[in-house]
Amino acid sequence: MDEEDIFRKLGFGLKFNVKRFEEDARRVHLVSSKPSIPVSEPCDDLTFFQKPKNNSVRKRKIPSADDDVCGKIAKTDDQMKTSRKQHRIFVEGTDVPGIVSTFKQLQSTHSINETCIEAITEKMGFKTLTPIQMQAIPALLHGREVLACAPTGSGKTLAFLLPVINHVLNRLRIRKKGTNRGFLALVLSPTRELAKQTLQECNQLTRRFVGGKPAEELLNVKLLDRSQIERFTKVGKKHSKKMDILISTPNSIVYLLEHDPPLISLEGVERLVVDESDKLFEEGKEGKSFREQLGKVYASCNNPSVRRAMFSATFAHDVQQWCLLNMDNVLQITIGGKNTAVRSVEQEMRFVGNENGKLLALQQLIQQGFSPPILIFVQSKDRAKQLFAELIYDGKNIDAIHADRTAAQREEAVKRFRKGETWILICTELMGRGIDFKGVNLVINYDFPSSAVSYIHRVGRTGRAGRRGRAVTFFTDEDRPMLRSIANVIKEAGCEIPEYMLKLKKPSRKEQRALACHQVRRENIRSTPADILNKKRFQNQPKAAA
Ligand SMILES: Nc1ncnc2c1ncn2[C@@H]1O[C@H](COP(=O)(O)OP(=O)(O)OP(=O)(O)O)[C@@H](O)[C@H]1O
């Protein structure tokens with residue numbers, strides 16, 4: 001162990017005053033020794049990792065706060081402020097990079113790979129950037145650490161994937177052939193379904209097609225699924241050698257990290273993205289919580305160059321505090337109001353009396369005008385099974401997705417719903433976050449959500465990417481304690497809500513926490529007392545829903 005190693009070990013976790021000790025900090029490669037990146041002095045991504053031989057590093061133009069807004073040059077801070085205000089972009093932090101509003105501009109100022117831009121503008125058909133993309137993409141391309149909060153369905157995935165892909169491509173360009181040392185970026189998602197969806201979007205951005213056939217893959221992107229875990233178990237750390245980007249749930253990666261000896265190393269990770277960050281900060285009810293798992297991942301991503309980004313549709317004070325304490329010169333980007341539901345969703349609450357009333361109300365809703373696809377949220381896997389048994393009896397094209405189904409069954413259910421083969425998908429909180437089903441027309445909260453945050457994510461499955469949607473939330477007397485806070489969210493989104501709901505007693509923080517942890521006890525979902533009949537119906541389920 002040399003002098004530098006000892007210094008690094010003793011100094012681990014300490015914050016450096018970079019200005020005063022910049023030389024020392026850089027010499028021992030401490031995390032906080034990264035040079036802060038003034039916008040006025042463009043910093044090429046590459047310079048972080050490979051010291052230039054001389055000072056003639058190619059400087060590309062990086063948009064500053066004075067740069068383009070909506071295709072024109074905005075010369076003054078005032079114009080930039082006006083543009084941010086117009087798009088409801090709020091930023092906290094120093095040296096804030098300017099916003100970029102067209103993909104063409106992004107390509108010219110940041111030399112984004114052509115295949116990616118082609119995929120976005122031609123394959124995906126996107127014309128302009130969404131507000132979160134306008135601010136977060138330039139910020140991440142500058143190598144800034146970011147805490148981003150933007151509404152559901154506002155394009156956060158592309159906002160973090162594009163800079164990650166760009167960074168990895170740049171790094172691979174300077175890496176010598178045959179020196180593949182493993183993945184450079186790690187994306188964490190709370191569920192397998194969301195991780196898979198992120199993989200698909202990443203593949204769309206990095207695959208070039210010629211005549212409808214895949215012609216080239218810019219990067220090797222992998223999902224840490226069961227087969228990959230098996231490979232790691234057999235081959236060990238070297239299995240990651242050919243990977244460039246890894247997407248995983250915290251559970252899967254921690255499984256490999258905690259193996260004795262560890263089966264994976266995160267030392268090479270230079271970009272870490274935590275999607276649905278507030279979810280991953282939640283304390284678990286049992287077993288190892290997401291929070292503990294995340295802690296393990298952070299500690300293992302110990303590359304001095306690592307840059308972290310947190311994205312979510314909902315804001316959590318805990319996450320903000322963590323970021324302010326642990327991230328380097330963090331930039332906080334918020335689009336619109338914090339913790340609000342999207343205005344593109346017409347929202348209503350419906351009193352249904354009791355459990356039987358819910359089934360009646362649901363049937364009524366469906367009879368009034370059946371416009372699939374529809375998502376129905378219930379509070380537990382048992383209730384998902386019960387409701388499925390009730391509705392399949394009505395002969396509707398229906399499926400259910402919950403934790404008791406195998407990974408393959410869950411995948412199949414998602415695939416069928418995406419293709420339009422299933423009209424109604426019953427799901428638990430598992431599908432509440434992040435999942436992007438195109439054109440869901442209606443979200444029904446059959447069971448009242450346990451928090452305003454859960455409500456915002458659930459109704460955000462509709463009304464995405466500028467489309468309109470509708471959400472109906474059933475409630476009974478048991479749901480009164482949470483009524484007020486969700487009524488407030490609905491009002492904030494510009495929908496009508498009975499005045500009395502807003503005047504109900506506010507539950508204390510303790511009560512709110514208890515409500516979020518303990519589900520409301522509800523009677524079973526059953527239209528007839530004939531249990532035997534129900535059992536028969538379960539046996540007769542279609543294959544995909546068995
Ligand atoms: N610039 C854009 N123009 C048009 N559509 C876009 C653009 N960027 C992304 N989208 C589309 O918007 C939809 C929602 O994007 P995405 O899933 O990234 O949302 P999100 O903000 O992550 O939502 P959530 O908080 O629910 O996870 C997707 O179908 C995506 O293809």
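Values below: every heavy atom of this structure, side chains too, minus hydrogens, waters and symmetry copies. Every number for a ligand or one of its atoms is a count from 1 in the order of the listing. This chain uses plain numbering: 1 for the first residue, then up along the sequence.
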Shortest non-hydrogen pair, Asn170 vs Arg173, comes out as OD1-NH2, 2.8 Å
Taking N or O atoms only and a 3.5 Å limit, does Ser154 qualify as a polar contact for ligand 1?
yes
The atoms of ligand 1 lying under 4.0 Å from a heavy atom of Glu276, numbered in the order shown, are 27 (O)
>> Within the structure, is a non-hydrogen atom of Thr128 found at a distance of less than 4.0 Å from ligand 1?
In response: yes
When distances are taken from atom 8 (N) of ligand 1, the protein heavy atom at minimum range is Gln133 NE2, 2.9 Å
**Request:** May I ask you to check if ligand 1 and Ala313 share an N or O to N or O distance below 3.5 Å?
**Result:** no
of all protein heavy atoms, closest to atom 28 (C) of ligand 1 is Asp436 OD2, 3.1 Å
Here the atoms of ligand 1 under 4.0 Å from any heavy atom belonging to Lys438 are 29 (O)
Checking heavy-atom distances from atom 27 (O) of ligand 1 to each of Gly434, Ala150, Ala465, the winner is Gly434
In ligand 1, the atoms that come under 4.0 Å of a heavy atom of Pro151 are 21 (O)
> Taking atom types as modelled, is there a side-chain donor on Gln332 or Gln320 under 3.5 Å from an acceptor on the other?
Replying inline: yes
Q.
Within the supplied structure, the quantity of interest is the number of heavy atoms (other residues, nucleotides, ligands) at a distance under 6.0 Å from Glu496 CD; does it exceed 12?
A. no
Numbered in order shown, the ligand 1 atoms found under 4.0 Å of a heavy atom of Arg464 are 14 (C), 16 (P), 17 (O), 19 (O), 20 (P), 23 (O), 24 (P), 26 (O)
### Query
With distance as the sole criterion, is a donor-acceptor pair present between the side chains of Ser451 and Ser454 under 3.5 Å?
no
Does the side chain of Ser380 come under 3.5 Å of the side chain of Asp382 through a donor N or O and an acceptor N or O?
-> no
Under 4.0 Å between a side-chain nitrogen and a carboxylate oxygen: does that hold for Asp278 and Arg433? yes
Check if Gly466 has a non-hydrogen atom at a distance under 4.0 Å from any atom of ligand 1.
no
Is Lys127 in contact with ligand 1, taking contact as a heavy-atom separation below 4.0 Å? no
Q) Does the side chain of Asp225 come under 3.5 Å of the side chain of Ser227 through a donor N or O and an acceptor N or O? A) yes
*Does a side chain donor of either Arg84 or Gln135 reach within less than 3.5 Å of an acceptor in the other side chain?*
yes
For Arg461, the ligand 1 atoms with a heavy-atom partner under 4.0 Å come out as 26 (O)
To atom 11 (C) of ligand 1, the nearest of Phe103, Phe126, Phe311 on a heavy-atom basis is Phe126
The protein heavy atom nearest to atom 23 (O) of ligand 1 is Gly153 N, 2.8 Å
Please tell me whether His457 and Thr314 have a donor and an acceptor in their side chains that are separated by less than 3.5 angstrom. yes
Discussion item. If only side-chain N and O atoms count, and only distance matters, is there a donor-acceptor pair under 3.5 Å linking Asp436 with Gln197?
Written reply: no
protein heavy-atom neighbour closest to atom 25 (O) of ligand 1 works out as Lys156 NZ, 2.7 Å
Q) Are side-chain N/O atoms of Asp275 and Ser189 paired as donor and acceptor at under 3.5 Å? A) no
re atom 16 (P) of ligand 1, the protein heavy-atom contact at minimum distance is Thr157 OG1, 3.6 Å
